[in-house]
Amino acid sequence: MFSSTLRHRLPALGAVSLVTAAMIAGLGMPSAATAAPGTAVLATDDAPAAESESAVTVGVATRPAGEDGRPDGRSRFTFAADPGQTVTDRVLVGNTGTARQDFTVYATDAFNDDAGELSLLPTDATPTSVGSWIRFDDGSDRVTFGLEPQEVRLLTFTVAVPADATPGDHVGGVVASVLESGAQVTVDRRVATSVFARVAGDLQPQLSLTSYEASYQGDWWNPFSGRVQLHYTVSNPGNVALAANLTSGARTWLGIPATGEQGGKVPVVLPGNSASYESTVDGVGQWLYLNPFTTLSPFVESPDASMQVVVTPITRDAVAFAVPWTVLILGVLAALAVLFSRWRRRRDEVRAREWMDFVAETAAADAAALAGTRADGS
């Protein structure tokens with residue numbers, strides 16, 4: 001589910017009556033985290049409730065519904081259709097607040113924001129993909145109505161896939177919006193249920209690592225513990241929305257592992273989108289030469305097994321240097337000690353030779369003087 005608001009988080013959906021008490025538990029859902037005005041970001045179920053600054057609270061909730069008009073357990077709308085085909089579905093919209101609110105419900109397209117999260121187009125942006133294919137019962141692309149506190153409304157909509165729609169995944173959301181007027185600002189509280197529409201045709205599931213950089217970080221005095229910081233960009237040049245599992249590690253000389261492999265995950269990247277991420281490989285020693293690597297194993301993140309496709313894993317690596325400063329300093333000190341020892345030994349040898357030459361010269365001089373004295377006395 002996508003959602004956004006200019007400020008406060010919305011309260012969780014409380015008791016709601018549509019037809020029977022079973023609907024109450026089924027429709028319970030939260031509003032979403034705070035986001036920038038005019039955008040909608042992915043939210044999770046069971047988020048903590050929050051009250052507004054006044055006694056009146058504003059809450060918005062959406063949930064897919066079955067043919068009986070009741071929540072059917074889905075967390076998103078998922079369609080597979082041929083070009084030119086029309087699909088019908090239903091959404092429940094609920095007022096989880098404590099005052100009557102006017103709702104506007106419409107559809108729009110999704111994209112990956114700078115953080116890699118799924119977001120929806122700003123309210124005033126015109127959708128060009130699945131958001132433009134959705135129409136409600138009256139044929140319009142949006143409906144407006146009022147709901148009393150804890151009241152819900154069932155809306156039926158159709159997804160008319162154009163005959164020239166490109167194959168692959170088209171992602172958007174059905175948005176419920178409430179405008180809350182304040183003293184100085186109007187807050188647009190939006191909650192949406194995501195829509196994943198797959199158009200039949202030539203599917204090209206593919207992710208790529210368009211950039212991959214690695215750097216070593218650690219305490220210079222500890223050669224046995226450090227980490228490799230990875231910076232990489234994941235792009236989706238194909239036409240299928242894909243998430244991915246990550247396996248990262250680092251090797252050193254002769255391909256010897258410098259640490260154990262570590263896992264991770266990349267959230268869904270939509271076709272034509274890209275996002276940059278950072279991750280850390282811990283427990284890497286200062287081996288001087290390091291060869292960090294990451295293997296990306298893409299998959300379709302969907303509860304529907306029929307939506308799964310086979311995607312080839314990809315691997316990227318880089319070169320990083322981890323200078324073992326402690327070992328290097330000890331080596332330099334040891335080398336200096338050896339050089340100093342050799343210098344001392346050579347100097348002592350020179351001095352010994354000089355002393356021996358001096359002694360020999362002195363002895364020779366003494367001998368010559370003694371010989372001269374004897375010659376004069378004879």
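Not measured: the values here are computed from a predicted model. Just so it is clear, the values below take in all heavy atoms, side chains as well, and ignore hydrogens, waters and symmetry mates.
Between the side chains of Tyr289 and Arg251, no donor-acceptor pair is found at a separation under 3.5 Å. A donor-acceptor contact under 3.5 angstrom links the side chains of His231 and Glu278, judged on distance only. For the residue pair Asn245/Ser297, the side-chain donor-acceptor check at 3.5 Å is not satisfied.
Taken to the nearest 0.5 Å, the CG atom of Leu296 stands 9.0 Å off from the CG atom of Leu242. The line from CD1 of Ile134 to CG of Asp141 is 10.5 Å long, rounded to the nearest 0.5 Å. Going from atom CZ of Phe196 over to atom CZ of Phe79 covers 12.0 Å, rounded to the nearest 0.5 Å. For the atom pair OG1 of Thr156 and CZ of Phe136, the computed distance is 10.0 Å after rounding to the nearest 0.5 Å. For the atom pair CG of Leu203 and CG of Asp169, the computed distance is 7.5 Å after rounding to the nearest 0.5 Å. In this structure, the separation between OG1 on Thr104 and CG on Asp188 is 8.5 Å, given to the nearest 0.5 Å.
A side-chain donor-acceptor contact under 3.5 Å links Tyr216 to the backbone of Val284. A donor-acceptor contact shorter than 3.5 Å links the side chain of Arg90 to the backbone of Gly66. In this structure, Gln85 contributes its side chain and Asp82 its backbone to a donor-acceptor pair below 3.5 Å. Formation of a donor-acceptor pair under 3.5 Å by the Asp68 side chain with backbone atoms of Arg70 is found in this model. Side chain of Thr362 to backbone of Phe358: a donor-acceptor contact under 3.5 angstrom is found. Not one N or O on the side chain of Ser225 forms a donor-acceptor pair closer than 3.5 Å with the backbone of Gly283. In this structure a side-chain-to-backbone donor-acceptor pair under 3.5 Å is present from Asp109 to Gly131. Of the possible donor and acceptor atoms, none in the side chain of Asp366 sits under 3.5 Å from a partner among the backbone N and O of Leu370. A donor-acceptor pair under 3.5 Å is formed between the side chain of Trp253 and the backbone N or O of Trp287. With hydrogens and angles disregarded, no donor-acceptor distance shorter than 3.5 Å links the side chain of Asn273 to the backbone of Phe111.
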* To do: Output, in order, the C-alpha distance, side-chain angles, deciding distance and verdict of side chain to side chain donor-acceptor pair (under 3.5 Å) for Thr158 and Thr88.
  => CA-CA 4 Å; Thr158 58; Thr88 301; 5.8 Å; no
* Asked: Can you check side chain to side chain donor-acceptor pair (under 3.5 Å) on Thr210 and Thr233, steps first, answer last?
  -> CA-CA 6 Å; Thr210 53; Thr233 298; 4.5 Å; no
* Apply side chain to side chain donor-acceptor pair (under 3.5 Å) to the pair Gln229 and Ser215, showing each step before the final yes or no. => CA-CA 5 Å; Gln229 193 74 25; Ser215 60; over 6 Å; no
* To do: Show the numbers, then the answer: is there a side chain to side chain contact (heavy atoms under 4.5 Å, CB included) between Trp355 and Val359?
  => CA-CA 6 Å; Trp355 174 253; Val359 171; 3.5 Å; yes
* From CA spacing to verdict: side chain to side chain donor-acceptor pair (under 3.5 Å), Tyr212, Thr294 -> CA-CA 9 Å; Tyr212 189 79; Thr294 294; 2.7 Å; yes
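Annotation: side chain of Thr78 is in contact with side chain of Met307 (closest heavy-atom distance under 4.5 Å). In this structure, Val105 and Val175 have side chains that are not in contact, with every pair of non-hydrogen atoms separated by 4.5 Å or more. At a threshold of 4.5 Å between non-hydrogen side-chain atoms, the residues Leu155 and Asp137 do not count as touching. Contact of the Tyr232 side chain with the Ser279 side chain is registered, since non-hydrogen atoms from C-beta on lie closer than 4.5 Å. With contacts defined as side-chain heavy-atom distances shorter than 4.5 Å, the pair Ser248/Leu230 qualifies. Side-chain contact between Gln101 and Val58 is present, with heavy atoms from C-beta onward closer than 4.5 Å. Under the 4.5 Å side-chain criterion, counting only non-hydrogen atoms from C-beta, Leu92 is in contact with Pro71. Put simply, the side chain of Arg76 reaches to within 4.5 Å of the side chain of Ser302, judged on heavy atoms.
Of all the heavy atoms in Asp113 and Ser119, the pair that sits closest is OD2-OG, 3.1 Å. Contact record, Pro271 with Asn236: N-ND2, 3.5 Å, taken as the closest heavy-atom pair. Here the shortest heavy-atom pairing between Pro64 and Phe77 reads CB-CE2, 3.5 Å. A pairwise comparison of heavy atoms in Ala243 and Glu301 identifies CB-CB, 4.1 Å as the closest pair. When every heavy atom of Gly116 is checked against every heavy atom of Ala275, the shortest pair comes out as CA-CB, 3.4 Å. Taking each heavy atom of Leu270 and Ala241 in turn, the nearest pair found is CD2-CB, 3.9 Å.
Enclosure of atom CD in Glu349 by more than 12 non-hydrogen atoms of other residues, nucleotides or ligands within 6.0 angstrom is indicated. A 6.0 Å sphere centred on CG of Asp114 holds no more than 12 heavy atoms belonging to other residues, nucleotides or ligands. Atom CZ of Phe145 has more than 12 neighbouring heavy atoms from other residues, nucleotides or ligands inside a 6.0 Å radius. Within a 6.0 Å sphere centred on CZ of Arg347, heavy atoms belonging to other residues, nucleotides or ligands number more than 12.
Between Arg227 and Asp282 there is no salt bridge, since no side-chain nitrogen of the basic residue lies less than 4.0 Å from a carboxylate oxygen of the acidic one. Between Arg74 and Asp89 a salt bridge is recorded (basic side-chain N to carboxylate O distance below 4.0 Å).
Of the listed residues (Thr247, Thr295, Leu207), just one forms a side chain to side chain contact (heavy atoms under 4.5 Å, CB included) with Pro313, and that residue is Thr295.
Remark: Arg316 fails to qualify as a cation-pi partner of Phe293 under the 6.0 Å distance and 45° angle criteria applied to the six-membered ring. Phe157 does not carry Arg135 over the face of its six-membered ring by the limits of under 6.0 Å from the centre and within 45° of the normal.
Under a hydrophobic-cluster definition in which Ile, Leu, Val, Met, Phe, Trp and Tyr are linked whenever side-chain heavy atoms come within less than 4.5 Å, directly or via other members, Val300 and Val199 are assigned to different clusters.
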